[in-house]
Amino acid sequence: MSKAVKEFRSGSVEFQRSAERQTDSATEQAAAENETESGEQKQTALKGNDALFGTEDKKLIQDLLQLDQGHLFSSWPPPGQADDQKQKLVQQLGHLDGSYNGGLVAYIKNAKQLLQDSREGRNPFEGYIPEVPDGERMDFGSKLFIEHERQGVKAAGHAAFVLVAGGLGERLGYSGIKLALPVECASNKSFLQVYIESILALQNTAAAERGEPVKLEMVIMTSDDTHSRTQALLDDHSYFGMQRNQLHLLKQEKVACLTDNAAHLALGKDDPYVVQCKPHGHGDVHALLQSTGLVKKWQQNGIQWVCFFQDTNGLVFRALPAALGVSSRFGYDVNSLAVPRKAKEAIGGIARLRHQDGRCMTINVEYNQLDPLLRATGNGQGDVNNEEGWSPYPGNINQLILKVDSYVKSLEETQGIIAEFVNPKYKDASKTDFKSSTRLECMMQDYPKALPPSAAVGFTVVNQVWSTYSPVKNNPADALAKVQAGGPSHSATTGELDIYQVNCRALQMLGVHVGGPQQATFNGLHLDLYPRVTWSPSFAMTVDDLKGRFPCPDQVHIGQDAMLYINHPNVQVRSLDLTGALVVEGRQDVDITIDGFKVNNAGWQWHALQDTDSNEEHQKIRGFTVIKLETENISFSEPGSFTVPEIPKAGEPDQEQAESARGAPESKADLTSRSRQQAQDHVEGNHSLSSGAEHSSQNESNPRESNTSESDFVRSLVHDIMTKAAAEAKGASAATKEAEKLAADAAKSPKPKDEVALKKGTTGAAKGSEETPGHVVPAAENAEAGDKHARTEESKPAGSPKKGTKKAKTDTATDNGSAKALDSALNSAAGGTLKPSSPTKGGAPASKEVEPAAEVKAAAPSSPKKATPSSPKKKGIAEKVEDAVKKA
């Protein structure tokens, strides 16, 4: 190499180094100038208040100023004025910065991009072609449903459960947390209690199958609004039987609100030192689970599935076992429990989206995006119903089942961060100003977006909506408006009535004789009111459970206006004729068999409220209150095995024989005396007119209270009933004489051929019912009827008893039909003061006095005892006529 070349290269290197030094110097000078400018900008924006804050706070303020957030500080007065308020604002900004992945800088930048996309109408699914996804569809109670349910119950023993419950009940017209609302008024159990008891029932089944203890864990995602009250609800009820270390509360943080397309953070309307905040959406649950390490721990402990569900769908555990079975059978990484959906219905549709570049995902697509996307990709008609009347894209209801192995891997890769969206409400078509502040949101059902194309993602649909999904979301006014617009009400009213419907239909499918629904109107909604039948999860969770509990379904009759509540794990109903109200509960180490038992009492009334009625919030949003007139209680305080009623021992008289030896018929004064005392008890707060009922005041931490308050409307109601009954009671004597004449005539005449109507064991359904007792509705019919009820309500025409007692108390009343006048008289009339007595199904006055309730002695399990209700039934008109016919 020549000397000249060496000198040239040396000079070039020196020149380059000199240039680099000059560049570094310029950069440092520019940085110093920028820092000086930023400092001056900060000093100007803060008006000298920067001395109030430390280094970290000053750095955050500087970052916000660079993102055009100077309005946060522009109204600040000079130092010395409102300094505490200024520090409060910066402290809140620091909290928001620390609770969002990437801090406020990332949040504001994401918001600007998403707001721009929204303003320009950019479709997030552009380039994707919708396809019908893979999944399983089945009828409730069908053979396929039962097969999946059996497999799902086994899978549930290796599952964890996540409840998303960050919202208050304000939208419902309820001031408490939604988890504290009673699911229905027959049991008065809260949503949270029913969910926990359902998980514990699955846990007990798994433990019995494995022969070892099993502990299924539960997570509840709360928010600032619900966290402390959820904790209090659990504490007040000892976690409803769940161990404290198997239930975890994870609190979700809020995000800052935005005022315009420039993503300016929104200050409070009445307080310029507070940033408006709203929940970020239930998609945060994934990040919370990842940050706590719970899912990884579950995987190590053998958990295979995680089930996510919402806070006010009381039917979710009716379908969840079957959906778990589908996940287990097909190995789905993600399985969405979905519902049939009408085309263009305002509910998201689940679709497989295939991109032009080969990418593919199965995801929820919002209804306002699905139809345009279909039209834009060659389907000119868009979202249309198939030949069965449903969209091929099932409706998303945010109930998910995730496979743990793939879930853990995804969380580790994404830290649980879910893609966000923004949904601003613009003032006009210019899309410049918002009607109110908005924020970024994320949804837990968007989790599949983070999965690889090879992931198995599907859905499970139970074709009968009423068996799967009846959320409680809307206040009475909004619910009525939605029905008038052709949609489902999703109200507290339908949320309760749908539970009775699915229970009654499940029993009908078994062959139980269940009276048909009555037409009822609550809060302006015209609905089917089925017999109020409900039970605890420990009694039955699956179709197989029900079959075991009702081994002789054709021997069970439940009247049209009956109320049956079974809150006990060890009850078998072999033979029952129920007209009125029956409650079965008590200690868990008792086995109860109901065999040959007849219940005939005044029961409970679901009484429609008027606009002027003053009642508790949970009653107003339903549109009714429950008046507990008479109740048959079966409850034992000692361990043992019992049959109700008792079978008489050899040589002892049976119930009818013992009854005939007790005395003369009760007078009209006896009847009016008992009715007056019952009515007075009701007004004074003894809302269950049977003795021995529990009564307590209502509060949020204990939602299981009586549904009848001591309000003026109740007093007025009782007064009206008594007045009417007093007039009707005058005809009671005439009715008795007429019955006796019929009996005498029957005794003289030949035995009629058509004696069926007089035989014992006739259905408990109300006379005149158009529905054949015991009619099993076919699956296809169920689907049609169920959807009509759940989604087009406008098309239709217009507590717990005392536990621990040794007594099984009977308070009987009259049946429907020809004895309605006497029924009213017995329940409400006024009169003298004699021993209480009870008429029977036929409607005639009781012929004998009722003796005091007898003590029920507990027996050892190895030597079952029979238990007799304390108040034997009296023969009514129909039974007297029957006796006369038999004698003839």
Side-chain angles (χ1 to χ4, degrees), residues 163 165 167-198 226 229-230 232-234 236-237 240-241 310-318 470-476 479 489-503 522-523 527 529-530 532-539 563-567 581 583 585 604-609 615-628 631 687-688 693-709 799-801:
L163 169 59
L168 292 171
E170 294 173 340
R171 180 178 169 188
L172 287 170
Y174 181 68
S175 58
I177 59 173
K178 290 185 286 185
L179 285 179
L181 268 172
V183 174
E184 32 76 16
C185 295
S187 71
N188 258 337
K189 290 185 177 181
S190 67
F191 278 99
L192 184 54
Q193 180 172 0
V194 170
Y195 294 152
I196 290 178
E197 288 185 356
S198 297
T226 64
R229 286 191 265 189
T230 302
L233 183 62
L234 290 166
D236 290 346
H237 295 85
F240 297 106
Q310 300 288 318
D311 52 5
T312 55
N313 178 20
L315 297 175
V316 62
F317 278 91
R318 305 303 173 91
S470 186
V472 178
K473 299 194 298 186
N474 300 313
N475 62 50
S489 70
H490 289 168
S491 64
T493 312
T494 52
E496 173 163 347
L497 269 56
D498 282 344
I499 289 175
Y500 303 142
Q501 177 180 189
V502 69
N503 289 343
F522 302 121
N523 282 339
L527 304 165
L529 179 61
Y530 280 76
R532 274 67 75 199
V533 176
T534 190
W535 50 74
S536 63
S538 64
F539 174 77
M563 194 291 300
L564 172 63
Y565 172 40
I566 301 178
N567 185 31
V583 174
E585 61 177 7
W604 297 4
Q605 293 183 0
W606 266 244
H607 177 76
L609 298 176
N615 287 82
E616 302 291 343
E617 287 179 338
H618 73 91
Q619 296 168 342
K620 288 182 178 179
I621 61 177
R622 284 174 163 82
F624 54 76
T625 187
V626 177
I627 301 176
K628 301 177 182 180
T631 305
H687 307 307
S688 175
E694 289 183 345
H695 312 290
S696 56
S697 60
Q698 179 162 1
N699 55 64
E700 180 177 283
S701 64
N702 184 8
R704 298 187 56 197
E705 313 299 345
S706 170
N707 286 317
T708 310
S709 60
S800 170

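A quick note: this is a predicted structure, and the numbers were derived from the prediction, not measured.
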Between the CG atom in Leu181 and the CZ atom in Arg622, the distance rounded to the nearest 0.5 Å is 6.5 Å
If we ignore angles and hydrogens, is there a donor and acceptor under 3.5 Å between the side chains of Thr534 and Ser187? no
Between CZ of Phe539 and CG of Asn567, what distance do you get to the nearest 0.5 Å? 11.0 Å
Qualifying residues under side chain to side chain donor-acceptor pair (under 3.5 Å), relative to Thr493, sequence neighbours excluded: none
Polar contact flag, side-chain donor to acceptor under 3.5 angstrom, Glu617-Ser175: yes
Check whether any side-chain N or O of Thr226 sits under 3.5 Å from a backbone N or O of Ala165 as a donor-acceptor pair, and report yes or no. yes
Straight-line distance of Thr625 OG1 to Phe522 CZ, nearest 0.5 Å: 10.5 Å
Among Thr494, Leu527, Asn523, side-chain contact (heavy atoms from CB on, under 4.5 Å) partner for Ser489: Thr494
With sequence neighbours excluded, what pairs up with Phe191 under the ring-ring contact (aromatic ring centres under 6.0 Å, His included) test? none
Evaluation steps, side-chain contact (heavy atoms from CB on, under 4.5 Å), between Leu564 and Asn503: CA-CA 11 Å; Leu564 172 63; Asn503 289 343; over 6 Å; no
Any side-chain to backbone donor/acceptor pair from Gln605 onto His607? Under 3.5 Å, distance only. no
Say you draw a straight line from NZ of Lys473 to OG1 of Thr312; how long is it, rounded to the nearest 0.5 Å? 8.0 Å
Is the Phe624 ring parallel, tilted or perpendicular to the Trp606 ring (thresholds 30°, 60°)? tilted
Hey, what do you get for CD (Gln501) to CG (Leu529), rounding to the nearest 0.5 Å? 11.0 Å
One should read off an interatomic distance between Arg318 CZ and Ser198 OG, to the nearest 0.5 angstrom, of 8.0 Å
Which atoms form the tightest heavy-atom contact between Ala180 and Ser190, and what is the distance? O-CB, 3.7 Å
List the atom of Val194, the atom of Lys189, and the distance in Å for their closest heavy-atom pair. CG2-CB, 3.9 Å
Are any of the side-chain heavy atoms of Gln193 and His237 separated by less than 4.5 Å? no
State, to 0.1 Å, how close Ser470 and Asp498 come at their nearest heavy-atom pair, and which atoms those are. OG-OD2, 2.7 Å
Tell me, please, which residues at least two apart from Asn474 pass side chain to side chain donor-acceptor pair (under 3.5 Å). Arg171
Step-by-step side-chain contact (heavy atoms from CB on, under 4.5 Å) determination, Leu163 to Leu192: CA-CA 9 Å; Leu163 169 59; Leu192 184 54; 4.2 Å; yes
Judged by atom type as modelled, is there a donor-acceptor pair below 3.5 Å linking the side chain of Tyr500 to the main-chain atoms of Met563? no
